[in-house]
*Asks:* 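Below you will find the structure I want to go over with you.
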2 protein chains.
Amino acid sequence: MDNTRDRILQAAFEEFYRNGFQGGSLNHIAEKSGATKGALFHYFKSKAELGYAIVEEVIQPSGNPRWIDPLKEAGDPIETLKAMFRRNIREDLASTEMVSQGCPLNNLAQEMSPLDEEFRMRIKRSYERQRKAIVDALESGKQRGKVKKSVATKEVAALIVACQMGIWGTMRNTRDAQLMIQSGEALCRFLDTLKP
Amino acid sequence: MDNTRDRILQAAFEEFYRNGFQGGSLNHIAEKSGATKGALFHYFKSKAELGYAIVEEVIQPSGNPRWIDPLKEAGDPIETLKAMFRRNIREDLASTEMVSQGCPLNNLAQEMSPLDEEFRMRIKRSYERQRKAIVDALESGKQRGKVKKSVATKEVAALIVACQMGIWGTMRNTRDAQLMIQSGEALCRFLDTLKP
DNA sequence: CTGAAGATACCGACTGGTCGGTATGCTGTC
DNA sequence: GACAGCATACCGACCAGTCGGTATCTTCAG
């Protein structure tokens with residue numbers, strides 16, 4: 001519908017993904033999107049507002065099919081989690097950009113959380129949704145005898161999300177596929193210990 | 001010994017810790033350290049060189065007593081790892097700056113790895129040393145019957161370091177002590193599963 | 001069907017300020 | 001007088017953001 005706005009959003013996402021939010025330039029974004037500074041500030045009243053829009057309109061929607069939706073299927077949550085991690089690791093290792101740039105949400109989280117409360121809260125909500133999806137899947141798995149009753153689901157979900165951030169963060173620094181696969185497999189073995 | 005240089009290093013560490021490397025200003029650093037830009041460029045020929053010096057002369061040395069040295073004691077490596085994590089979590093939760101700013105090495109790793117190969121390699125080496133220390137401790141634990149022989153030590157070390165990055169990264173975004181303790185405890189339970 | 005009125009969607013030159021970096025000068029010590 | 005250890009003044013590039021203006025589309029009265 002709103003073509004210019006969408007082009008700006010997409011160009012801004014790429015610019016910030018590559019250079020960070022602080023390092024990203026609105027001039028570059030205008031240039032790359034084919035729009036002008038005037039158009040940019042017509043749709044977003046500040047650089048920060050543009051950043052918020054990227055979190056909510058670009059990054060979050062793109063994360064759902066990878067990290068949230070798979071958990072809704074009613075099979076074995078542990079096997080689902082393992083498959084989800086293995087698939088996302090495999091997918092991202094195939095993308096040279098992902099290997100060197102890591103996870104866009106995590107990047108913004110690390111860069112902007114201490115600097116801008118609005119960023120922090122929006123990103124926090126995003127991770128909370130993911131943790132909640134994991135807790136729900138594990139709890140429902142308990143009911144169906146797929147997960148040990150003694151598992152502290154909140155703790156486990158916190159650890160899994162932390163692992164995810166850490167694994168993708170490690171990839172960004174090391175660019176070592178082996179290391180990413182290794183830590184993914186170790187996580188899978190941890191998940192196995194949660195089975196009855 | 002070299003007092004002005006040290007003051008610049010310390011001020012630069014704080015500036016970059018708070019604002020990121022790209023966001024940090026050499027003017028602020030000169031001002032805060034009481035030195036001038038002339039002095040700054042006398043000791044460091046560029047902003048990048050100043051950053052490298054911080055990694056190797058400020059951040060890395062400060063990480064050793066927290067993350068490497070404890071692993072050298074010859075007791076039970078799993079209990080040592082658990083105690084190390086619990087202690088570092090407790091310590092950092094007590095520091096409001098750590099809670100909101102996270103781990104300085106991880107911050108630089110995330111921000112600078114894709115932008116500067118020199119940064120990336122220096123930081124990579126730092127994390128490799130940590131992984132190696134964990135592998136060595138676990139292997140030596142195997143020998144002494146403290147760790148299951150079947151444990152894939154490289155994989156586990158990769159996961160532990162990733163967890164560490166993720167837990168501290170999560171803290172930076174959420175500022176939620178509970179969440180940090182929860183994921184720490186979940187990690188401890190995972191470590192317990194490595195015991196014979 | 002016409003046309004005035006207003007809203008929306010841009011355009012791009014411009015501004016004040018900050019940035020990393022440099023050129024040059026001064027000062028004390030050996 | 002040579003040289004380390006600064007200090008000061010300054011540079012061009014770049015930055016986020018502004019502003020006066022225009023072109024086009026929507027609305028609605030006559």
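The sequence lines fix the lettering, A, B, ..., with proteins before strands; numbering per chain opens at 1.
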*Asks:* Rounded off to whole Å, could you give me the CZ-to-C1' distance for the A/Arg5 and C/dT8 pair?
*Replies:*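 One finds 14 Å between C1' of C/dT8 and CZ of A/Arg5, rounded.
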*Asks:* Provide, to the nearest angstrom, the distance between the CZ atom belonging to A/Phe44 and the C1' atom belonging to D/dT18.
*Replies:* 18 Å
*Asks:* Given atom NE2 of A/His28 and atom P of D/dA13, what is their separation to the nearest angstrom?
*Replies:*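 Rounding to the nearest Å, NE2 of A/His28 and P of D/dA13 are 14 Å apart.
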*Asks:* Base, sugar-phosphate alone, or nothing: which one does B/Ser25 contact when heavy atoms must sit under 4.0 Å apart?
*Replies:*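 Answer is sugar-phosphate: B/Ser25 comes under 4.0 Å of backbone atoms only.
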*Asks:* Using the side chain to side chain contact (heavy atoms under 4.5 Å, CB included) criterion, which residues pair with B/Asp136? Sequence neighbours excluded.
*Replies:*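 Checked B/Asp136 against side chain to side chain contact (heavy atoms under 4.5 Å, CB included); matches are B/Lys132.
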*Asks:* Any side-chain N or O of A/His42 less than 4.0 Å from the OP1 or OP2 oxygen of C/dC10?
*Replies:*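 Answer is no, no contact under 4.0 Å.
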*Asks:* Report which part of the nucleic acid A/Gly34 touches: base, sugar-phosphate, or nothing (heavy-atom distance under 4.0 Å, all strands).
*Replies:*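 If one applies the 4.0 Å heavy-atom cut-off, A/Gly34 turns out to touch nothing in the nucleic acid.
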*Asks:* Atom CD1 of A/Ile8 and atom C1' of D/dA16: how far apart are they, to the nearest Å?
*Replies:* 15 Å
*Asks:* Between C/dG20 atom C1' and B/Phe21 atom CZ, what is the distance in whole Å?
*Replies:* 10 Å
*Asks:* Do A/Lys154 side-chain atoms and A/Arg131 backbone N/O form a donor-acceptor pair below 3.5 Å?
*Replies:*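 No.
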*Asks:* Not counting sequence neighbours, list each pair that qualifies as a salt bridge (charged side-chain N to carboxylate O under 4.0 Å, His left out) and has a residue in residues 64-79 of chain B.
*Replies:* B/Arg66-B/Glu91, B/Arg66-B/Asp92, B/Asp69-B/Lys72, B/Glu79-B/Lys82, B/Glu79-B/Lys195
*Asks:* Going by distance alone, is a donor N or O of one side chain under 3.5 Å from an acceptor N or O of the other, for B/Asn64 and B/Gln60?
*Replies:*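 The criterion, which ignores hydrogens and geometry beyond distance, is not satisfied for B/Gln60 and B/Asn64.
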*Asks:* Only pairs at least two apart or in different chains count here, so list each salt bridge (charged side-chain N to carboxylate O under 4.0 Å, His left out) that has a residue in residues 48-58 of chain B.
*Replies:*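 Sorted result for residues 48-58 of chain B: B/Arg5-B/Glu57, B/Glu56-B/Arg122.
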*Asks:* Just the rounded figure in Å: distance from P of C/dC19 to CD1 of B/Ile29.
*Replies:* 10 Å
*Asks:* Measure OH/A/Tyr43 against C1'/D/dG17 and give the value in whole Å, please.
*Replies:* 18 Å
*Asks:* For nucleotides 21-30 of chain C, read 5' to 3', which letter fits each nucleotide if B means a protein heavy atom sits under 4.0 Å from the base, S means only the sugar-phosphate is that close, and - means neither?
*Replies:* BB--------
*Asks:* Show me the side-chain donor-acceptor pairs of residues 12-21 of chain A shorter than 3.5 Å, one per line, residues at least two apart or across chains.
*Replies:*
| unit_1 | atom_1 | unit_2 | atom_2 | d |
| --- | --- | --- | --- | --- |
| A/Glu14 | OE2 | A/Gln10 | NE2 | 3.2 |
| A/Glu15 | OE2 | A/Ser25 | N | 2.9 |
| A/Glu15 | OE2 | A/His28 | ND1 | 3.2 |
| A/Tyr17 | OH | A/Gly102 | O | 2.5 |
| A/Arg18 | NH1 | A/Glu97 | OE2 | 2.7 |

*Asks:* Using ring-ring contact (aromatic ring centres under 6.0 Å, His included) as the criterion, list what pairs up with A/Phe41, not counting sequence neighbours.
*Replies:* none
*Asks:* Can you measure B/Leu40 atom CG to D/dC10 atom C1' for me and round it to whole angstrom units?
*Replies:* 17 Å
